[in-house]
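As a basis for the values below, the full set of heavy atoms in this structure was taken, side chains included, without hydrogen atoms, waters or symmetry mates. Residue numbers start from 1 in every chain, and the chains themselves are labelled A, B, ... in the order their sequence lines are given, proteins ahead of strands.
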Number of protein chains: 2
Amino acid sequence: MAPNTKHFRKRDAILDYLRQSKAHPSAETIYTDLKPQIPNLAMGTVYRNLTLFKEQGEIQSVATVKGVERFDGNPLPHVHFICTDCDAVIDLDDLQVPDTLSELAAKCCGGSVEGCQLTFTGQCKNCNERKIESA
Amino acid sequence: MAPNTKHFRKRDAILDYLRQSKAHPSAETIYTDLKPQIPNLAMGTVYRNLTLFKEQGEIQSVATVKGVERFDGNPLPHVHFICTDCDAVIDLDDLQVPDTLSELAAKCCGGSVEGCQLTFTGQCKNCNERKIESA
DNA sequence: CCTCGATTTAAGAATCATTCTTGTTTACAC
DNA sequence: GTGTAAACAAGAATGATTCTTAAATCGAGG
């Protein structure tokens with residue numbers, strides 16, 4: 001067996017999963033989805049590696065929705081939309097925070113700015129349409 | 001005793017506290033700070049009223065810092081800065097999210113946008129200076 | 001091959017913020 | 001006063017997350 005293959009199998013699976021997902025999953029979703037492929041995966045392993053990836057800057061935590069932390073395999077800052085109905089977290093790829101705002105923020109707070117998050121909330125397309133139908 | 005005075009004493013105290021505070025307190029901070037004045041205050045009462053105020057749009061939840069929800073007596077959207085060292089949540093009153101961004105967001109997501117939050121993270125002035133001193 | 005120290009992991013216990021439940025108290029209208 | 005609805009206290013219950021302990025796995029030497 002190739003070196004490192006087995007030792008990091010779970011770690012790599014978690015990172016791959018995050019990078020391929022657009023759903024901004026929670027720790028539990030990651031666990032549930034990977035469990036069939038990796039039967040002896042434990043929640044502790046998921047949380048430990050998520051913490052590790054965050055420290056290394058490989059991933060980011062993008063929001064806490066109804067008390068549950070949501071993760072993104074893309075560590076670059078970008079804009080999100082959170083549906084208050086179905087709790088979906090969606091990338092708004094076409095938007096970005098203007099540099100002028102970040103610069104202003106640094107001046108205002110007098111400290112050092114490391115990151116920023118812009119998040120819109122409301123009802124996503126699906127939930128919106130579902131409501132109109134049932135009306 | 002004037003009508004309604006006693007019935008809502010705790011509710012009003014919690015709302016007043018939130019409106020006067022600039023610290024964006026957690027439920028526990030509110031409880032701890034009000035407890036001396038209101039000895040038989042219970043955490044349940046704080047949580048119940050916070051939920052109520054949120055539903056009524058009197059306050060807003062502005063962030064979850066290290067797993068703890070933080071509240072703001074000002075329900076209008078405004079920009080915040082969160083210190084990753086001391087967990088302070090600070091208003092950046094001079095900044096605001098451009099209307100163009102909000103409009104774009106509505107178009108991108110295809111649903112209805114109700115709110116938005118812009119949050120910068122980094123080290124606040126105090127923590128920054130403390131680090132420089134101790135270096 | 002066999003052993004070593006270091007790293008990763010599984011499993012479940014422990015923690016902590018938040019919510020729920022139950023029974024009690026309060027305010028107000030009649 | 002009596003009844004009804006809202007607010008409350010106290011503590012139990014829930015649920016996400018973290019910690020603990022011991023076992024499995026790795027790479028490097030012998």
Side-chain angles (χ1 to χ4, degrees), chain A residues 1-18 23-56 58-71 82 87 89, chain B residues 1-18 23-56 58-72 82 84 87 89:
Chain A
M1 194 177 295
N4 261 350
T5 298
K6 197 165 185 185
H7 204 181
F8 297 98
R9 197 180 283 167
K10 288 166 192 170
R11 173 164 305 178
D12 290 341
I14 294 168
L15 190 52
D16 282 351
Y17 178 89
L18 271 165
H24 309 82
S26 64
E28 180 149 23
T29 304
I30 298 171
Y31 171 79
T32 308
D33 285 358
L34 288 180
K35 187 75 176 174
Q37 307 160 41
I38 311 172
N40 63 345
L41 180 67
M43 279 296 286
T45 302
V46 175
Y47 275 110
R48 184 165 27 76
N49 285 306
L50 285 173
T51 306
L52 192 68
F53 293 146
K54 258 196 294 185
E55 282 167 3
Q56 295 173 342
E58 303 257 30
I59 68 169
Q60 65 175 321
S61 154
V62 292
T64 300
V65 183
K66 308 235 169 89
V68 181
E69 196 168 5
R70 304 284 288 266
F71 300 89
I82 300 179
D87 299 339
V89 178
Chain B
M1 193 178 294
N4 260 350
T5 299
K6 197 167 186 184
H7 204 180
F8 297 98
R9 197 180 281 165
K10 288 164 191 170
R11 172 162 305 178
D12 291 342
I14 293 169
L15 191 51
D16 282 352
Y17 178 88
L18 271 165
H24 308 83
S26 65
E28 181 149 24
T29 305
I30 297 170
Y31 172 79
T32 308
D33 285 359
L34 289 180
K35 187 76 174 171
Q37 308 159 40
I38 311 173
N40 63 346
L41 180 67
M43 280 296 284
T45 302
V46 175
Y47 276 110
R48 184 164 27 76
N49 284 305
L50 285 173
T51 306
L52 193 68
F53 293 146
K54 258 196 292 184
E55 281 167 3
Q56 295 174 342
E58 303 258 28
I59 68 169
Q60 64 175 320
S61 154
V62 293
T64 300
V65 183
K66 306 233 168 90
V68 181
E69 196 168 4
R70 304 286 286 268
F71 300 90
D72 192 333
I82 300 179
T84 50
D87 298 337
V89 177

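Contact annotation: A:R48 side-chain N/O to C:dT9 OP1/OP2 distance is under 4.0 Å. A:Y47 has a side-chain polar atom (N or O) that falls below the 4.0 Å cut-off from OP1 or OP2 of D:dT17. Between D:dA24 and A:N40, no contact under 4.0 Å exists linking OP1 or OP2 to a side-chain N or O. Taking side-chain N and O atoms only, B:T45 has no distance below 4.0 Å to OP1 or OP2 of D:dC8.
One interatomic measurement links the two molecules: CG of A:D87 to C1' of D:dG15, which rounds to 15 Å at whole-angstrom precision. Distance CG (A:N49) to C1' (D:dT17): 15 Å, rounded to an integer number of Å. For the pair A:K35 NZ and C:dT9 C1', the interatomic distance rounds to 12 Å; values are reported in whole Å. Atom CD of B:E28 is separated from atom C1' of C:dT19 by 15 Å (rounded to the nearest Å). In this structure, the CE atom of B:M43 is 15 Å from the C1' atom of D:dA13, given to the nearest Å. Summarising the geometry, the separation between CZ on B:R9 and P on C:dT25 is reported as 17 Å, rounded to the nearest angstrom. The distance between atom OH of B:Y31 and atom P of D:dA10, rounded to the nearest whole Å, is 8 Å. Between B:L34 atom CG and D:dA9 atom C1' there is a gap of 16 Å when expressed in whole angstrom units.
Side-chain proximity of A:A42 to C:dA17, D:dT17, C:dA11: nearest is C:dA11. The side chain of A:R11 lies closest to C:dT9, out of D:dT17, C:dT9, D:dC8. Which of D:dA9, C:dT19, C:dA10 sits closest to the side chain of B:T51 comes down to C:dT19.
When all heavy atoms of A:R48 and A:R11 are compared, the pair lying nearest together is NH1-NH2, 4.4 Å.
The side-chain heavy atoms of B:K10 and B:I38, taken from C-beta on, include a pair separated by under 4.5 Å. Between A:R70 and A:D87, the closest side-chain pair of non-hydrogen atoms falls below 4.5 Å. Inter-residue side-chain proximity for B:L15 and B:N49 is flagged as unmet; no heavy-atom pair is nearer than 4.5 Å.
Side-chain contact, A:T29 with A:T32: no donor N or O sits under 3.5 Å from an acceptor N or O.
Residue whose closest nucleotide on DNA chain C sits further toward the 5' end, between B:G44 and B:K66: B:K66.
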